[in-house]
Number of protein chains: 2
Amino acid sequence: MAKIDFAKAPTLHDVAKAAGVSKGTASNVFNRPDIVREEVRERVLEAAKSIGYRGPDPKGRMLSAGKVNAIGVATVEPLAYFFEDPYARVLMAGITEACDANGTGISLVSAANEEELAWNVHSALVDGFILFCLKGAERLIALSRERQLPFVALDFGTKDDAMSVVSIDNIEGAGRAARHLAELGHRRFAVLSMEFIEGSSGRATMERVNAASYSTSRDRVRGYFEALEAFGIDTSNVPIFETLCDRETVQSALEEIFASPSPPTAILAQSDRIAFFALDWLKAKGISVPADVSIIGFDGVPESATSTPPLTTIRQPIAEIGRRAVRAILDHHGETWREKIDTELVVRGSTAPPRD
Amino acid sequence: MAKIDFAKAPTLHDVAKAAGVSKGTASNVFNRPDIVREEVRERVLEAAKSIGYRGPDPKGRMLSAGKVNAIGVATVEPLAYFFEDPYARVLMAGITEACDANGTGISLVSAANEEELAWNVHSALVDGFILFCLKGAERLIALSRERQLPFVALDFGTKDDAMSVVSIDNIEGAGRAARHLAELGHRRFAVLSMEFIEGSSGRATMERVNAASYSTSRDRVRGYFEALEAFGIDTSNVPIFETLCDRETVQSALEEIFASPSPPTAILAQSDRIAFFALDWLKAKGISVPADVSIIGFDGVPESATSTPPLTTIRQPIAEIGRRAVRAILDHHGETWREKIDTELVVRGSTAPPRD
DNA sequence: CACCGACCTTGAACCGGTTCAAATTTTGCT
DNA sequence: AGCAAAATTTGAACCGGTTCAAGGTCGGTG
């Protein structure tokens, strides 16, 4: 009865010696038992059992294989973020599903501060990273580059071409949103956008849009406008208001929008969050949705189903993004891989044909 | 400008050669730069930069250090479970917090089927396991034992002494529950317990309790009774009904309890789940809670705050359990460690002084 | 000038496996 | 029995580092 001894576990070498075979043969017993003569195989297994050897230590295997069989999911947020944020949870569900199907493990990489993050990224035992890009994305990307492992950034609106990215097709999604409203008969629109440039808000021109450092916001505007133009709508008359996705900037954008002599009958909000703030403001002003004005969001967060009225929106297939990201790491070993995933229009109660 | 080349990253050996120093010195440059002469250090760093070496590969470090700096969190459920189950999420938040504070990584270990689980447990690159014991706990424990790594089981009511366990103090928590009711003035009680033995239900004797294979259920009864006896209550008159934590067995227990000529004024439910079923039955029978009868749950699940009436219960400090589990692995290297964590009484609307 | 200690550097051993060409043993056949 | 082919086994190299005893260099001291 071998006692468990954490101080010194037996190694393959010990087993080989005990069984009177070479290390190579012992290794084969565990990895390719079929090429070892039965008699020898049994002898080795018996020796292993008697000295308490439970099979090859993954640490050794990993070194020589050069593969860890795990991918790291990294973010700048503290680790707990993965389990708290609703978006993150759905995404992780997709990631774990793909990993499960592939027998790949998942390591969570993150840290409270920059320094630890650097260390964690550099010392994580993984074959690649999925970068959960929120704030601090550039830093995360730089660290991953340094580590010289394959990595894929999620839905990060960057112009950097030299890396793998899995994201939704913002142009196509925005197009769906605009088309939906145009098909309902709307002809007067306004856009509530996210930031084009860090921290800026207010009415934006197309020059500003084109100079955006956040390509997500830019692409959504482009998507809207392409679709609207297909309906013969002159988009140069469609006002674009940049917001910080907070109540204040959304409200002041709306104040300005509805101060116009011919206010829009439909609002294109670049995120559900913006749409919710807009809904609140409209209700406060006694403007009825969707009777007086229609509004469509973007993202398809769970709350969009339960708002008043329920929000028509463009749903991101979050879990699918996670799954694809895993495949991107696993299947496209290191080469840069860019993939756009289709979004889906979810029609709920916040859109309807215009009044007249 | 060294091109990133996934096929063949430079190794410490390459750096040493390029800098004209020994591998040992090169290693020191990265790990104990202070003991290397400045001139040499710079030469090595420069050589590293020029051939595109970004620092020691954790794979190598890990092998020789024998430590991975990560702990595995294992469960029998599919990986997605970690991100979906509310209890799991809170627990993980605690675990991640403790790991964060310690610079330790987290690997998620789990699998859809038995075979994969075995492989995953055997091949996970971790220094120890936290076992998330739900169904299939025995199997998980057996696998972890085989792996010969430290592990700690969470809140698993087993009698097995030869392993580390972090759990709540069921006796103390149950005591709190009973004391609360006794202090309100209650003197006639009934206990709705979880299983003592797999699959059994119905009225239970103290012999049955003492022979329980699930120590959680047993300890909670003991806790209740110890506290009640301190109030001079004769616990031999307190009926104990074993339930399967489902509606049916809880209902039939209640039928029997309230068929008594002098029914209890207070019910001690061993889980919130049981308490909810009891609440439903009592409402259906027109028995008012807490006017006619008080009821207290156990666990403090989120729903307990929003039930009708809100449930008085014993809250488990779930996140704290997670934190302690991490410490148990990290601080008590391999030795078996058993820890009980205090619970907390949460008084809500389901308890009140007895009518008379 | 010889010797000593402080400070660096070296080189080999080791961590625990995997892999593969070469050596050895079996097997199949005549 | 003799011999080639097939089946096994061996042993060394390798994966990418870390560690440490031993050796070397250099300045200071008696």
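Quick note on labels: first sequence line is chain A, next is B, and so on, each numbered from 1.
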Is the A/Y81 to A/Y87 ring centre distance short of 6.0 Å?
no
For a quick check of understanding: with a heavy-atom distance under 4.0 Å over all strands, which category does B/R32 fall into, base, sugar-phosphate or nothing?
sugar-phosphate
Rounding to the nearest 10°, end axes of the helix from C/dC1-D/dG30 to C/dT30-D/dA1 built from five pairs each make an angle of 60°
Ring center gap for B/F82 and A/F82 short of 6.0 angstrom
no
Quick one: on DNA chain C, does A/N28 or B/G60 contact a more 5' nucleotide (nearest heavy atom)?
B/G60
So, A/E335 and A/W337: side-chain donor and acceptor under 3.5 Å apart, yes or no?
no
Quick check: closest heavy atoms across A/V21 and A/A26, and the distance to 0.1 Å?
CG2-N, 4.2 Å
Describe the nucleic acid contact of A/Y53 in one word from base, sugar-phosphate, nothing, applying a heavy-atom distance below 4.0 Å.
sugar-phosphate
A/R41 CZ to D/dA7 P, straight-line distance once rounded to whole Å:
15 Å
Would B/S164 and B/T336 count as having a side-chain donor-acceptor pair, cut-off 3.5 Å?
no
Should the pair A/E320-A/R323 be classified as a salt bridge under the 4.0 Å nitrogen-to-oxygen rule?
yes
N/O donor-acceptor pair under 3.5 Å between A/S27 side chain and A/K23 backbone
no
A/I35 CD1 - D/dT8 P separation (whole Å):
9 Å
Near B/E146 CD, under 6.0 Å, is it more than 12 heavy atoms from other residues, nucleotides or ligands?
yes
Salt-bridge test for B/R32 and B/D34: reply yes if a basic N is under 4.0 Å from a carboxylate O, no otherwise.
no
Which of residues 122-129 of chain B have a heavy atom under 4.0 Å from DNA chain D?
none
Pick base, sugar-phosphate or nothing for A/G66, based on heavy-atom distances below 4.0 Å to the nucleic acid.
nothing
Look at all strands and tell whether A/T25 reaches a base, only sugar-phosphate, or nothing, counting heavy atoms closer than 4.0 Å.
base
Check the surroundings of atom CD in B/E116: do more than 12 heavy atoms from other residues, nucleotides or ligands lie under 6.0 Å from it?
yes
Please find the earliest and latest nucleotides of DNA chain C, in the 5' to 3' direction, that have an atom within less than 4.0 Å of any heavy atom of chain A.
C/dG16 to C/dT19
Within the structure shown, what part of the strands sits under 4.0 Å from A/T11 by heavy-atom distance: base, sugar-phosphate, or nothing?
sugar-phosphate
Return whichever of B/D34 or B/S64 has its heavy-atom-nearest nucleotide of DNA chain C closer to the 5' end.
B/D34
